[in-house]
Amino acid sequence: QVQLVESGGGLVQPGGSLRLSCAASGFTFNIYGMSWYRQAPSKERELVAGISNGGVFTTYADSVKGRFTISRNNAKNTVYLQMNSLKPEDTAVYYCNRGRYSSGTYYPSETWGQGTQVTVSS
């Protein structure tokens, strides 16, 4: 069956870095756009970054532009989120999503991973 398994979260100090990974299985990975969303306590889930199926096109939330980088390895069926210069407001559960990327916009589906907690605190 379709599975998305996130890893790489943890506790990091402000200004630090983390790299999240999402391992996909059960579907043809290279025909789907992929993305990372996050949800902080008492807030709605929001798009952090999306990437096209071939990895050429990306989109980012304004709050993470210049700090986060989304990438993918289609040979390994994995999407990554490199997070640098982390801030306390980046604290959230980060989720991987399988969807569609078209004309600069990412369209999510109801296929989600279980999430990985990222906590930025001193």
Side-chain angles (χ1 to χ4, degrees):
Q1 74 274 24
V2 174
Q3 274 196 314
L4 300 172
V5 179
E6 300 96 333
S7 61
L11 173 64
V12 63
Q13 292 187 341
S17 297
L18 281 175
R19 188 195 195 203
L20 306 183
S21 298
C22 171
S25 60
F27 64 98
T28 305
F29 183 71
N30 63 9
I31 68 171
Y32 287 92
M34 298 295 296
S35 66
W36 289 94
Y37 280 71
R38 68 185 179 188
Q39 187 166 20
S42 304
K43 293 190 175 181
E44 291 188 358
R45 194 172 294 190
E46 62 173 353
L47 176 67
V48 175
I51 189 166
S52 61
N53 64 314
V56 174
F57 303 104
T58 58
T59 187
Y60 295 92
D62 287 344
S63 59
V64 306
K65 281 181 182 175
R67 300 189 298 123
F68 290 11
T69 303
I70 188 170
S71 62
R72 64 191 294 162
N73 185 328
N74 284 348
K76 294 184 177 182
N77 287 1
T78 303
V79 61
Y80 306 97
L81 185 68
Q82 178 67 44
M83 305 186 295
N84 299 329
S85 303
L86 282 160
K87 305 175 181 180
E89 51 264 43
D90 294 318
T91 295
V93 178
Y94 284 70
Y95 297 91
C96 182
N97 180 267
R98 180 187 78 167
R100 183 171 61 90
Y101 186 101
S102 179
S103 301
T105 301
Y106 181 82
Y107 300 90
S109 73
E110 291 306 310
T111 304
W112 298 93
Q114 83 288 350
T116 185
Q117 176 71 46
V118 171
T119 303
V120 185
S121 175
S122 55

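The aromatic ring centroids of Y37 and W112 lie less than 6.0 Å from each other.
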Verdict with supporting geometry, E6 and L20, side-chain contact (heavy atoms from CB on, under 4.5 Å) = CA-CA 7 Å; E6 300 96 333; L20 306 183; over 6 Å; no
Working for side-chain contact (heavy atoms from CB on, under 4.5 Å), residues Y95 and V48 = CA-CA 10 Å; Y95 297 91; V48 175; over 6 Å; no
Apply side-chain contact (heavy atoms from CB on, under 4.5 Å) to S121 and L11, showing your working.
-> CA-CA 7 Å; S121 175; L11 173 64; 4.2 Å; yes
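One finds no salt bridge joining K87 and D90 here, because no Lys/Arg side-chain nitrogen approaches an Asp/Glu carboxylate oxygen to under 4.0 Å.
Side-chain N or O atoms of N30 include none that pairs as donor or acceptor with a backbone N or O of G54 at under 3.5 Å. Judged purely by atom type and a 3.5 angstrom limit, R72 uses its side chain to pair as donor or acceptor with the backbone of F29.
Atoms CZ and OG1, from R19 and T69 in turn, are 11.0 Å apart once rounded to the nearest 0.5 Å. The distance from atom CG of N73 to atom OH of Y80, rounded to the nearest 0.5 Å, is 5.0 Å. The distance from atom CG of N53 to atom CE of M34, rounded to the nearest 0.5 Å, is 11.5 Å. Taken to the nearest 0.5 Å, the CZ atom of R100 stands 12.5 Å off from the OG atom of S35. Note: T105 OG1 to L47 CG = 10.0 Å, rounded to the nearest 0.5 Å. Between I51 atom CD1 and W36 atom CH2 the span is 12.0 Å, to the nearest 0.5 Å.
Residues V93 and G115 come closest through the heavy atom pair CG1-CA, 3.8 Å.
Residues Y101 and V79 do not share a hydrophobic cluster, defined by chaining ILVMFWY side chains whose heavy atoms lie under 4.5 Å apart. Both Y106 and V56 belong to a common hydrophobic cluster when Ile, Leu, Val, Met, Phe, Trp and Tyr are linked at side-chain heavy-atom distances under 4.5 angstrom.
Counting non-hydrogen atoms of neighbouring residues, nucleotides and ligands closer than 6.0 angstrom, the CZ atom of F27 exceeds 12 such neighbours. More than 12 heavy atoms of other residues, nucleotides or ligands lie within 6.0 Å of CD in E89, so this atom counts as buried by the packing criterion.
Between F68 and Y94, the angle of the ring planes lies from 30° to 60°, which puts this pair in the tilted group.
Screening L81, V118, T116, V64 for a side-chain contact (heavy atoms from CB on, under 4.5 Å) with R38, the sole residue that qualifies is V64.
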